[in-house]
Participant: 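Below: one structure in structure tokens.
Just so you know, ligand 1 is whichever comes first in the structure, and atom 1 is the first atom listed for that ligand.
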Amino acid sequence: MDLSTPVTQFPGVGPARAEKLEKLGLRTAGDLIAAYPRGYEDRRAVYTVRDAPLGEKVCIRAMAAGHPRLSRVRRGMELVQLRAVDATGALHVTFFNQSYMERALSAGEEYIFFGAVEEQGRRRTMANPIVEQAGRQEHTGRIMPVYRLTAGISNHLLASLTRLALEGCAHLLPETLPRAVREAYGLARTESAHRSIHFPDSPEALDQARRRLSFEELFYLSVGLDRLKSRRSAGRQGAAVPARPPDQFAALLPFPLTGAQRRTMEEIARDLSSGKTMNRLVQGDVGSGKTMAAAYAVWLAALAGWQCALMAPTEVLARQHFATLSPLMARAGIETVLLTGSLTAAEKRSARERLALGGAVLAVGTHALLSQGVEFARLGLVVTDEQHRFGVGQRSALAAKAEAGSAPPPHVLVMSATPIPRTLALIIYGDLDVSVIDQLPPGRTPVETYVVGEDKRQRMYNFVRRLAGEGRQAYIICPAVEEGDGEAWAGAPDLKAVKVYARQLQEQVFPDLRVDFLHGKMRPREKERVMAAFAGGESDVLVSTTVIEVGVDVPNAALIIIENAERFGLSQLHQLRGRVGRGTHRSYCVLMAAGRGETARQRLRTLARTRDGFAIAEEDLKLRGPGDFFGRRQHGLPALRAADLAGDMRVLQQARQAAREVLEQDPELERPENRAVRDRVRQMFSETPDIFN
Ligand code: ADP
Ligand code: MG
């Protein structure tokens, strides 16, 4: 057997099972070994019949006191009963619909029974245990792996197959971590790590295995990201952009810059004028004024004769950026065009022409900017907003696309409004330099935040009316779009659906106010119309899904109500809250919590207590894990199998350090001991084929 031996050559695996295994991505012995368990069940403790704790799964070693009895209880239900004894008492074991157990067990033999002991009167019983002959155990008396399963594939089967695979070829697993790294960081060898991640002898052995395997993933990831970073900066000539003082730019604005904005702008100017390509992330809490930092970069590049592209994740946001930037840039004599999917063919053509000819200097748009047919005469800067929505892969694709036509490669500026916990930031943005805007423009009053239940609904509506009377506007956010919209609705009938809810509010609650609605399934033009109307004060209440989550800016909106708030992540709620408090008006956020779940309310109160987006993000990461943090797989990282991003900070730091040490001595990983690392990194970053020379 070797790592590529197909599962069909394993005993008990025919075509039908092979197909089911394929669903789990398991085609070969190597796949089995690479599919780490999702959890473990400790089956080590062995008890006597009398001492066994009730209700929890344990092993009992006992002897079959007689031959098992098979009986038919009723049609379709067979029962096998066995009395097992040890020195302390008797255990009544029953098996339902496993008539083969009658033949499998023989009187006088000693067995291990693994299951939960119950007490019926004075009788101790165990139903449907796992049974193995004492001394010949495979699935009991040890820590057992728990695998991800699919219909027709039992954990038992997977454990057996994996054990066979390990016995057959664990010794063939290539050792990919250089020996020097293994020794310096005290890491287990690959073979023993793989054995122990599946069948650990002890919790300590499991820790060792886990550490080694997550280290290795984070190490390859760090090597790859370091390469991306140095590949972009080292010796790469950036578009030449002379620095100009931020205050000269600020003269175009109606407000003075904050200190944090000025500092960030200085960092940007330094990058742009360094002669190398800029790769910078601007992180800042909602409302901190990141757009102006980007505008400054555009202004600098444009004055130096370069074209710029600004890419937003949604149409609404792209249009808003266009609305803000185009008059601002016009004041400096810079022409801006909008390029999104919803423009008419003629509009697109005209925008593309002006870009290709170089008349238009700034293009604002969605990822439509990346589509074929969009060409720039001399692209010098690419800005992406809310970048966490794009992944590492997309980011390098974007850079590649931008680089393809133009020499020198354009500068890259990334803005993210989601304060990202440090662990994640190190990984997701490991290839970027970072500026943090950690200061809000003055005059902002903090948003007052309340967690309330159904009983306060009427009061809340009265509050909306009062604010509207003062000339303010309100958002009401709902999780679902339409009644009957998918499972979300079916499972939670009290979810407020946008359309239905908006109509109901208009007709029954606020006949005197103007209620409008917005959701992701509307046509872009419709969305645009609704947003523009709200921004222009033509509607008082905007009922919306989270399409308004990122970046939308209406300073007159002073209240945001979030229905079914318990369904959102804290970071997302914080983002939503950032839609208000953007003007000088006192602003409010009301989190409606359906149901009585006290833990859910506790969680929401975190938000009422703190305004620090970073602290909230950390809390969110702790509570929900990285998968949920950005929505599944949205972080765009290569899938990590062993590393736990929320918990492995120390391992991550060591892995990054190791990566730097190795790359320092052998940047292209050409030495024999580093070749395997190079192959792994290439695999992981397959979207960036030229990651090494
Ligand atoms: P975000 O960082 O969330 O993208 P924006 O760039 O949208 O924030 O800015 C939020 C609001 O603050 C906008 O209305 C913008 O015009 C305003 N703003 C930006 N910088 C300043 C400043 N220095 N002083 C006052 N208002 C500012
Ligand atoms: Mg923004």
Side-chain angles (χ1 to χ4, degrees), residues 246-266 268 280-299 310-329 331 364-366 383-390 413-420 434-447 473 475 531 534-537 546-558 560 571-585 587 589 611-614 616-617:
D247 284 322
Q248 196 179 328
F249 168 76
L252 301 169
L253 307 178
F255 41 70
L257 300 173
T258 65
Q261 278 173 320
R262 180 172 293 113
R263 196 184 57 234
T264 299
M265 289 177 185
E266 279 159 4
I268 289 172
R280 182 166 292 276
L281 166 72
V282 175
Q283 258 207 84
D285 216 337
V286 276
S288 59
K290 292 181 290 293
T291 315
M292 286 309 135
Y296 170 70
V298 168
W299 176 76
L310 189 150
M311 201 164 76
T314 65
E315 182 101 12
V316 170
L317 210 53
R319 286 177 181 267
Q320 182 185 294
H321 278 314
F322 179 73
T324 316
L325 294 176
S326 112
L328 172 61
M329 292 299 153
R331 256 170 270 156
V364 176
T366 51
V383 182
T384 47
D385 195 9
E386 314 296 350
Q387 176 78 40
H388 72 266
R389 307 232 153 179
F390 309 105
L413 185 68
V414 165
M415 297 187 280
S416 171
T418 305
I420 295 171
V434 180
S435 297
V436 179
I437 305 188
D438 51 2
Q439 183 183 12
L440 296 181
R444 300 265 170 87
T445 39
V447 179
Q473 291 162 284
Y475 296 103
M531 253 344 279
F534 188 68
T546 55
V547 285
I548 63 131
E549 175 192 350
V550 281
V552 171
D553 189 25
V554 179
N556 192 47
I560 186 164
S571 287
Q572 201 181 9
L573 289 170
H574 179 64
Q575 287 287 309
L576 286 165
R577 174 167 65 180
R579 297 312 106 216
V580 299
R582 300 174 81 84
T584 47
H585 311 291
S587 301
C589 171
R611 292 188 280 287
D612 177 352
F614 286 92
I616 291 168

Participant: Can you confirm whether more than 12 heavy atoms, excluding those of R263, are under 6.0 Å from its CZ atom?
Facilitator: yes
Participant: If the cut-off is 4.0 Å to any non-hydrogen atom of T291, which atoms of ligand 1 fall inside it?
Facilitator: 4 (O), 5 (P), 6 (O), 7 (O)
Participant: Taking side chain to side chain contact (heavy atoms under 4.5 Å, CB included) as the definition, give me every residue that meets it alongside S435, ordered by chain and number, with sequence neighbours left out.
Facilitator: T264, E267, R280, V282
Participant: Of all residues at least two apart in sequence or in a different chain, which pass the side-chain hydrogen bond (donor to acceptor under 3.5 Å, both in side chains) check with T258?
Facilitator: Q261
Participant: Please report the closest heavy-atom contact between F322 and P327, naming both atoms and the distance.
Facilitator: O-CD, 4.1 Å
Participant: State the atoms of ligand 1, each with its element, that fall below the 4.0 Å cut-off from a heavy-atom position in L257.
Facilitator: 23 (N)
Participant: Select the closest option to atom 8 (O) of ligand 1 among P555, A295, P254, G289, judged by heavy-atom distance.
Facilitator: G289
Participant: Is the closest N or O pair between M292 and ligand 1 shorter than 3.5 Å?
Facilitator: no
Participant: Enumerate the atoms of ligand 1 whose separation from the nearest heavy atom of P256 is less than 4.0 angstrom.
Facilitator: 22 (C), 23 (N), 24 (N)
Participant: Restricting to non-hydrogen atoms, name the atom on G289 and the atom on I437 that form the minimum distance, rounded to 0.1 Å.
Facilitator: O-CD1, 4.2 Å
Participant: Tell me the contacting part of M415 for ligand 1: side chain, backbone, both, or neither, using a 4.0 Å heavy-atom threshold, strictly below.
Facilitator: neither
Participant: Report the part of T258 in contact with ligand 1, treating N, CA, C, O as backbone and CB onward as side chain, heavy atoms under 4.0 Å; options are side chain, backbone, both, neither.
Facilitator: both
Participant: Between the candidates R582, Q320, K290, which shows the shortest non-hydrogen contact distance to atom 7 (O) of ligand 1?
Facilitator: R582
Participant: Do side-chain atoms of Q283 reach the backbone of V434 as a donor and acceptor pair under 3.5 angstrom?
Facilitator: no
